[in-house]
K.L.:
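Shown below is the structure under consideration.
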Amino acid sequence: MTQNALFTSYTLGDITLANRIVMAPLTRNRAAKDCVPGPHAAEYYTQRASAGLLIAEATQISQQGQGYQDTPGIYSEAQIAGWRLVTDSVHAAGGKIILQIWHVGRVSHVDLQPGGLPPVAPSAIRAEAMVFVHNRFVPTSKPRALELAELPGIVSDFRKAAANAISAGFDGVEIHGANGYLLDQFVKDDANTRTDAYGGSIKNRARLMLEVAAAVADEIGAGRTGIRLSPVSPLNGTAASDPQAQFDYIVGELDKLGLAFIHVIEGSTAGPRDVTTFDYGALRQAFSNTYIANNGYDLKLATERVAADRADLFAFGRAFIANPDLVARLKSGAPLAEIDPETLYGGGAKGYTDYPTTA
Ligand code: PHB
């Protein structure tokens with residue numbers, strides 16, 4: 001029997017991976033003190049270090065970029081030092097780890113924002129979404145539209161966050177361009193009614209995302225930079241009127257920047273893969289480097305897709321929460337444990353570092 005390619009090593013830009021299984025970024029809301037990664041974060045990620053690549057949870061680039069309580073940041077010295085404990089521990093266990101850098105835009109609440117001010121967005125249109133604050137889910141606050149003059153500051157916050165991630169010992173970064181957060185809000189025309197150079201045409205709506213990608217690649221190297229995209233996911237209430245043309249354009253431009261990877265959520269985030277027709281193969285064709293596929297994969301589908309060269313790497317989300325040794329279980333065919341939904345967001349070690357391995 002030939003070896004399943006999923007369990008073979010792979011070169012992702014400047015990073016060498018032991019296998020093609022990726023841990024997707026997962027929000028766990030356990031950075032309760034000053035948005036510094038919590039006391040159990042190093043243990044949590046190290047338990048999962050047999051993944052070819054860990055993509056650490058979405059991490060805000062500024063206080064303005066925060067949308068849920070107790071999510072970590074990467075803009076203060078204490079946060080950088082907190083993440084350093086995580087990366088050192090993962091590296092000592094032989095793993096590779098990159099950080100997902102995040103600005104939520106309008107998916108936030110005044111109680112999380114500097115000075116209690118409204119969250120920021122491309123346009124003053126409220127997101128039909130809930131955010132986690134004061135230990136419960138509440139509707140988002142109405143945002144204000146960012147001024148044109150503020151946009152270079154957003155780009156430079158992403159650039160600084162990427163530099164901070166490298167200082168904290170990460171092997172690279174993933175720009176969060178998905179799931180209805182700030183960059184995706186600019187891209188999707190139901191959230192963006194601007195009439196300046198950042199609204200209207202496909203090219204204009206992609207501008208901020210591409211400026212961020214260029215700045216991050218310039219700062220830390222394109223071989224350490226990737227981006228997550230969700231062309232058709234309705235999460236957080238955003239939609240593009242013509243996602244295929246929009247994302248064909250974006251991926252073509254990202255390719256020119258030489259980014260190490262695109263990480264594509266196929267279908268509806270944590271939901272059906274076939275929410276609408278979309279040609280993900282066109283994105284793969286338009287991009288020379290690595291394609292990370294995500295959403296609803298299991299061993300069978302990932303094995304089929306890697307054999308057919310439809311994707312290079314496969315990101316598993318929820319399965320990694322309850323199965324720290326997911327790679328070994330997929331390899332041996334051991335049964336997968338189920339997550340406890342009660343302990344996903346917030347709390348301590350329970351439901352975080354106490355899921356057992358099979359051995
Ligand atoms: C969430 O906290 O619910 C969340 C965060 C980032 C995502 C998706 C969902 O990309």
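In listed order, ligands and their atoms are each counted from 1. What you see is a predicted model, and the numbers here were worked out from it, not measured in a lab.
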K.L.:
How would you list all residue pairs meeting ring-ring contact (aromatic ring centres under 6.0 Å, His included) that involve residues 18-51, not counting sequence neighbours?
P.N.:
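Sorted pair list: Tyr44-Tyr352.
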K.L.:
Show the distances, to 0.1 Å, for all pairs joining an N/O atom of ligand 1 and a protein N/O atom that are shorter than 3.5 Å, listing one pair per line.
P.N.:
{"from": "ligand 1", "atom 1": "2 (O)", "to": "Thr27", "atom 2": "OG1", "distance (Å)": "3.2"}
{"from": "ligand 1", "atom 1": "10 (O)", "to": "His176", "atom 2": "NE2", "distance (Å)": "2.7"}
{"from": "ligand 1", "atom 1": "10 (O)", "to": "Asn179", "atom 2": "ND2", "distance (Å)": "2.6"}

K.L.:
Establish, for the pair Arg273 and Tyr297, whether the NZ or CZ atom is under 6.0 angstrom from the six-membered ring centre and no further than 45 degrees off its axis.
P.N.:
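Yes, a cation-pi geometry holds between Arg273 and Tyr297.
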K.L.:
Set out, in order, the CA-CA distance, both residues' side-chain angles and the distance that settles salt bridge (charged side-chain N to carboxylate O under 4.0 Å, His left out) for Asp196 and Arg194, then state yes or no.
P.N.:
CA-CA 6 Å; Asp196 60 15; Arg194 299 177 76 96; 2.7 Å; yes
K.L.:
For Thr269 and Ser230, does a side-chain donor sit closer than 3.5 Å to a side-chain acceptor?
P.N.:
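No, Ser230 and Thr269 have no side-chain donor paired with an acceptor closer than 3.5 Å.
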K.L.:
Taking side-chain contact (heavy atoms from CB on, under 4.5 Å) as the test, write out the residues that go with Ala214, two or more places apart.
P.N.:
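For Ala214 the side-chain contact (heavy atoms from CB on, under 4.5 Å) partners, ignoring immediate neighbours, are Leu257.
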K.L.:
With sequence neighbours excluded, what pairs up with Arg159 under the side-chain hydrogen bond (donor to acceptor under 3.5 Å, both in side chains) test?
P.N.:
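With neighbours one apart ignored, the set is Asp218, Glu219.
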